[in-house]
Amino acid sequence: DLFKQNEPNIFLLWGITGSGKTETFFKIASHILSKKQQILLIVPEIILSESIGIRFKKLFNCDPIIWHSKSNNKSKFMSIYNGSVQFIIGTRSALFLPFHNLGLIIIDEEHDKIHKQNNTPIYNCRDMAVLLGKISNINVILSTATPSLETYYNVLSGEYKLLELNKRYSGNLPNITLTRTLEILPKSTIVACMESLNKGEQIIVFFNRRGFANFVRCTECNSNLICKQCECNIVWHRSSNKFMCHKCNKIYIFDQCPECGIENKIACEGYGVEKIAYILKKEFPQYNVEVLSSDICNSNEKIQDFLQRMNEKKINIIVGTQMITKGLDFSGVNLVIVINFDQNGFDFRLSETTFQNLLQISGRAGRKDSQSQVIIQTNKIENPILTYFINNDYKGFILNELKNRELYKLPPYYVIISINGNIKSIIKLLQKLPLILISNYHNRIFLKIQEHMYLKIRENIFNIILDSKEIFKIDIDPYDILY
């Protein structure tokens, strides 16, 4: 009924995992489609657009258009422009398509950082969708099981309306087991896997680190090999036999150590999803173990093939990165294992991201009626995040996290501005404004300012930058900040 009102709104659709958010989309969609209007559904990953597209076709007996950054099909483009296709599913670039009569925008997994584009042009698809909705005078739905702090802050301030789904559409919430360990796969986890496999069930193993080994060094001079551009650790990918920097994607070839020049002394240590899959294949040679990450499933064809084999239960164990947390629905999965939950890093969003990943990945288990289990391996069982998680209290967590953000003057109460370029030419002028300088490192500065003050002086900031006649890269509330 809310969507039949004349006044458009921004809605947060907050539903626990498995509560039927996608079915809710389709019910709302039928109303919009009956008015001959178009619907745009933005998803964080192409893998989701394929699965939702199949469900839409079964329900409405017509094909949606699937659009992503590599799409260049002229007929698709024109069918959106002339309105002959009403339902469009895409990743963030789909927001800029030439819609004929757009009636609704839905952002699925609105909390996901992948909705933010970090290379030029820099924009947050979620925030741009809200802006487009206001300009076009249409409803916007932000959907998730784990709202971002920024979105929930807008609910509390009355900017957005809240819609809640508190019960699972089918199935039960999983049982949670905490395992204190420093091992990659302790004996208790192996036993749980064997029991699940013996029942004919599928297993998801989650570890948010791509590649095989995340630490590459020379055993002769003991040098840690890092990217010359980013000063980040180089990662070895066994599947492609490549050494790669995960920040800038530069590929390295090491015939010899770049520091001491000695050949055949490169050691690959640490672990990622590929190594975990390698261990599981040795442990369960009779079962099919596969990796799901952006390195492996890097094309539409591979994604469709993976989804089909998973649904046909030809894959027994998936070892996946964050890609596996994004709303996928596999009826055969009743055991989820989280490897090394422990938080590492200094990003102020780390607690929020960690909790979101835990809730999202645990939601992949028990989507049907059978009882399921989630095993979380950690060395810090006392972590307060785990207490909130076991009690299924995400609302309590984000309210507490909002208090901390306000105390330490962080988003959403403050706006962080990253400026990259010839900083010397503008730093003195910027410091005359009511800004707080966080850091000045190389050619990049971080500034922060109270949210209400930013709206008043942002024009002054951009005028200073434009008057300098220098080229700068500006990012508002960047995600790649350690603070």
Side-chain angles (χ1 to χ4, degrees), residues 17-18 22 43-55 58 109 170-171 174 184-185 189-212 237-240 271-340 357 360-377:
T17 55
T22 305
V43 293
E45 298 275 4
I46 303 171
I47 192 169
L48 273 180
S49 63
E50 297 295 336
S51 58
I52 292 174
I54 291 167
R55 291 164 73 179
K58 284 182 180 178
E109 311 293 354
S170 63
I184 300 175
L185 289 166
T189 299
I190 296 296
V191 170
C193 287
M194 194 71 255
E195 290 174 353
S196 184
L197 291 168
N198 284 339
K199 293 182 209 172
E201 298 171 348
Q202 293 168 297
I203 300 169
I204 290 177
V205 180
F206 171 67
F207 185 57
N208 201 21
R209 186 185 294 158
R210 292 155 52 207
F212 190 93
H237 289 253
R238 188 172 186 262
S239 58
S240 57
Y271 60 99
V273 284
E274 291 181 18
K275 187 169 185 177
I276 294 168
Y278 176 79
I279 294 168
L280 285 166
K281 284 175 183 177
K282 280 192 163 184
E283 199 71 45
F284 304 108
Q286 69 274 38
Y287 292 100
N288 187 17
V289 181
E290 295 200 16
V291 172
L292 178 63
S293 73
S294 56
D295 305 297
I296 309 295
C297 279
N298 53 12
S299 71
N300 226 17
E301 292 73 24
K302 288 180 180 178
I303 288 169
Q304 287 183 4
D305 177 63
F306 171 84
L307 289 173
Q308 183 176 341
R309 289 186 298 111
M310 189 65 190
N311 287 321
E312 291 173 355
K313 298 190 177 180
K314 292 179 180 178
I315 302 173
N316 304 108
I317 304 175
I318 313 172
V319 184
T321 59
Q322 194 168 336
M323 196 174 180
I324 199 69
T325 68
K326 303 178 192 292
L328 295 171
D329 189 354
F330 300 125
S331 60
V333 174
N334 272 335
L335 175 62
V336 168
I337 299 161
V338 179
I339 305 286
N340 189 11
N357 282 339
Q360 292 285 346
I361 192 62
S362 66
R364 299 316 107 209
R367 306 287 284 195
K368 299 305 175 186
D369 293 327
S370 52
Q371 188 57 56
S372 57
Q373 182 183 15
V374 175
I375 298 172
I376 301 173
Q377 298 181 181

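Given the structure is predicted, the values throughout are model-derived calculations rather than measurements.
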Contact check, side chains of [X] and [Y], non-hydrogen atoms, under 4.5 Å:
{"X": "L185", "Y": "I339", "value": "yes"}
{"X": "F206", "Y": "N357", "value": "yes"}
{"X": "T22", "Y": "R55", "value": "yes"}
{"X": "S239", "Y": "I296", "value": "yes"}
{"X": "C297", "Y": "L292", "value": "yes"}

For residues [X] and [Y], report the shortest heavy-atom separation together with the two atoms involved.
{"X": "S372", "Y": "P174", "result": "OG-CB, 3.2 Å"}
{"X": "V291", "Y": "A277", "result": "CG2-CB, 3.5 Å"}
{"X": "Q202", "Y": "M310", "result": "NE2-O, 3.0 Å"}
{"X": "S294", "Y": "M323", "result": "N-SD, 3.7 Å"}

N/O donor-acceptor pairs under 3.5 Å from side chains in residues 191-198, not counting sequence neighbours:
{"unit_1": "S196", "atom_1": "OG", "unit_2": "E201", "atom_2": "OE1", "d": "2.9"}
{"unit_1": "N198", "atom_1": "ND2", "unit_2": "M194", "atom_2": "O", "d": "3.2"}

Check your understanding: With sequence neighbours excluded, what pairs up with R309 under the salt bridge (Lys or Arg N to Asp or Glu O under 4.0 Å) test?
Key -> E290, D305

Donor-acceptor contacts, no H, no angles, side chain residues 312-320, under 3.5 Å, sequence neighbours left out:
{"unit_1": "E312", "atom_1": "OE1", "unit_2": "K314", "atom_2": "NZ", "d": "3.1"}
{"unit_1": "E312", "atom_1": "OE2", "unit_2": "Q308", "atom_2": "NE2", "d": "3.2"}
{"unit_1": "N316", "atom_1": "OD1", "unit_2": "N288", "atom_2": "N", "d": "2.8"}

Check your understanding: OH of Y287: more than 12 outside heavy atoms within 6.0 angstrom?
Key -> yes

So how far is it from [X] [atom1] to [Y] [atom2], rounded to the nearest 0.5 Å?
{"X": "N340", "Y": "Q377", "atom1": "CG", "atom2": "CD", "value": "8.5 Å"}
{"X": "I361", "Y": "I204", "atom1": "CD1", "atom2": "CD1", "value": "5.0 Å"}
{"X": "D295", "Y": "S240", "atom1": "CG", "atom2": "OG", "value": "7.0 Å"}
{"X": "Q373", "Y": "N334", "atom1": "CD", "atom2": "CG", "value": "10.0 Å"}
{"X": "I54", "Y": "L307", "atom1": "CD1", "atom2": "CG", "value": "6.5 Å"}
{"X": "I276", "Y": "E283", "atom1": "CD1", "atom2": "CD", "value": "13.5 Å"}

Point to revise | Parallel, tilted or perpendicular: rings of F306 and F330 (30°, 60°) | key: perpendicular

Point to revise | Expected output: side-chain E274 to main-chain R238 donor-acceptor under 3.5 Å | key: yes

